[in-house]
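See structure below.
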Amino acid sequence: MSGITIALSKGRIFDETAPLLAAAGIAPLENPETSRKLIIGTNRPDVRLIIVRASDTPTYVQYGAADLGIAGKDVLLEHGGEGLYQPIDLQIAKCRMMVAVPEGFDYESAVRKGARLRVATKYLRIAREHFAAKGVHVDLIKLYGSMELAPLVGLADVIVDLVSTGNTLRANNLRAVEEIMPISARLIVNQAALKLKHALLQPVIEAFESAVSSHA
Ligand code: PRT
Ligand code: MG
């Protein structure tokens with residue numbers, strides 16, 4: 001396609017990206033939250049949005065099916081970032097990657113004693129690197145969601161998950177014991193498109209950039 005395709009996921013990424021799109025003069029013609037369409041036009045005939053699963057965004061941009069995308073740092077670290085240029089931390093969809101345990105589980109002494117921990121998470125790469133750097137031996141258990149359940153039913157000792165308000169942990173009698181890293185969403189750009197469509201992409205990237213820095 002000769003215009004610009006932007007990959008976004010529904011929910012918090014779309015909600016928090018809408019003001020940035022507006023700053024770039026881009027207005028979606030339909031609301032992806034209510035529309036069933038996966039390709040959504042905008043007020044600009046040369047700009048369209050595609051609606052993808054959050055964890056698929058880097059893949060669409062890597063292969064050039066989208067020129068731009070917006071994805072959480074968590075998603076980018078798990079994907080690996082091949083073929084992607086990551087020019088801007090958009091400072092949206094912020095949260096923290098945390099280690100959490102059930103109330104009553106003594107994480108600090110388990111770590112001190114060199115116990116082998118069973119870790120349930122969707123974020124295998126991030127968890128593997130975190131515990132390897134601490135020298136903690138872990139058995140990683142891959143889940144696709146609702147990690148909070150795993151320690152409550154004996155599937156794991158600890159979880160690695162995103163936390164924003166902490167309400168989900170509290171509601172399930174879990175507590176955060178370690179912050180792995182702060183997370184926010186990044187603009188990602190297909191590296192080939194950045195060269196071939198520079199004149200088209202550069203103004204959009206700059207509009208995002210100035211919208212973010214005027215917010216800081
Ligand atoms: O939901 P789906 O399986 O489709 O994919 P997803 O969960 O990857 O997508 P989505 O849209 O839920 O999240 C998109 C991005 O938002 C993530 O990749 C993060 O970078 C970012 N983000 C910011 C969050 C949160 N905050 C967040 N709180 N992603 C998920 N959560 C979840 C968290 O996993 C936990 O279950 O919210 C729950 C905790 O929230 P609190 O407020 O109770 O602490
Ligand atoms: Mg989700």
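Both counts, for ligands and for their atoms, begin at 1 and track the order of listing. Please read all numbers here as calculations on a predicted model, not as lab measurements.
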Fill in the blank from the handout: Heavy-atom proximity to atom 3 (O) of ligand 1 ranks first, among Arg170, Arg53, Met97, Met98, for Arg53
Handout entry: Flag if over 12 foreign heavy atoms under 6.0 Å of CZ, Arg116
Key = yes
Practice task
Considering only NZ, NE, NH1 and NH2 on the basic side and carboxylate oxygens on the acidic side, decide whether Asp161 and Lys122 come within less than 4.0 Å.
Solution key: no
Problem - Glu179/Arg96 ion pair, N-O < 4.0 Å - result: yes
Completion exercise
One finds that the ligand 1 atoms under 4.0 Å from a non-hydrogen atom of Gly72 are 20 (O)
Fill in the blank from the handout: Taking only non-hydrogen atoms of Asp74 and a 4.0 Å limit, the atoms of ligand 1 in range are 17 (C), 18 (O), 19 (C), 20 (O)
Handout entry: Min heavy-atom dist Gly11 to ligand 1 below 4.0 Å
Key = no
Handout entry: Of the listed options Arg12, Glu16, Glu148, closest to atom 10 (P) of ligand 1 (non-hydrogen atoms)
Key = Arg12
Exercise for the section: State, to 0.1 Å, how close Ser184 and Asp89 come at their nearest heavy-atom pair, and which atoms those are. Expected result: OG-OD1, 2.8 Å
Problem - Polar contact flag for Gly166 and ligand 1 (N/O pairs, less than 3.5 Å) - result: yes
Fill in the blank from the handout: CD (Glu129) and CD1 (Ile180) are apart, to the nearest 0.5 Å, by 10.5 Å
Exercise for the section: Can you sort out which atoms of ligand 1 are near Asn167, meaning under 4.0 Å from one of its heavy atoms? Expected result: 43 (O), 44 (O)
Handout entry: Which atom of Lys10 lies closest to which atom of Phe14, heavy atoms considered
Key = CA-CB, 4.1 Å
Exercise for the section: Output yes when a side-chain donor or acceptor of Thr42 lies under 3.5 Å from a complementary backbone atom of Val47, and no otherwise. Expected result: yes
Practice task
Could you tell me whether the side chain of Ser214 and the main chain of Ala211 form a donor-acceptor pair under 3.5 Å?
Solution key: yes
Practice task
Please check if the side chain of Arg170 supplies one atom and the backbone of Thr165 the other of a donor-acceptor pair under 3.5 Å.
Solution key: yes
Practice task
Mind checking whether Ala54 contacts ligand 1 via backbone (N, CA, C, O), side chain (CB onward), both or neither, at a 4.0 Å heavy-atom cut-off?
Solution key: side chain
Practice task
Return a yes/no value for Lys73: is any of its N or O atoms, backbone included, closer than 3.5 angstrom to an N or O of ligand 1?
Solution key: no
Handout entry: Those atoms of ligand 1 less than 4.0 Å from some heavy atom in Ile183
Key = 20 (O)
Handout entry: Met147, Lys10, Lys122, Arg96: member with heavy atom nearest to atom 6 (P) of ligand 1
Key = Lys122
Practice task
Decide whether an N or O pair under 3.5 Å exists between Tyr123 and ligand 1.
Solution key: no
Problem - Interfacing atoms of ligand 1 (cut-off 4.0 Å, heavy-atom, Thr165) - result: 41 (P), 42 (O), 43 (O), 44 (O)
Handout entry: Atoms in ligand 1 flagged as close to Val163, the criterion being non-hydrogen separation under 4.0 Å
Key = 44 (O)
Problem - Ligand-side contact atoms (ligand 1) for residue partner Val75, heavy atom cut-off under 4.0 Å - result: 18 (O)
Exercise for the section: For residues Thr121 and Val160, report the shortest heavy-atom separation together with the two atoms involved. Expected result: OG1-O, 2.7 Å
Problem - Under-4.0 Å heavy-atom contact with ligand 1, by part of Asp161 that carries it - result: side chain
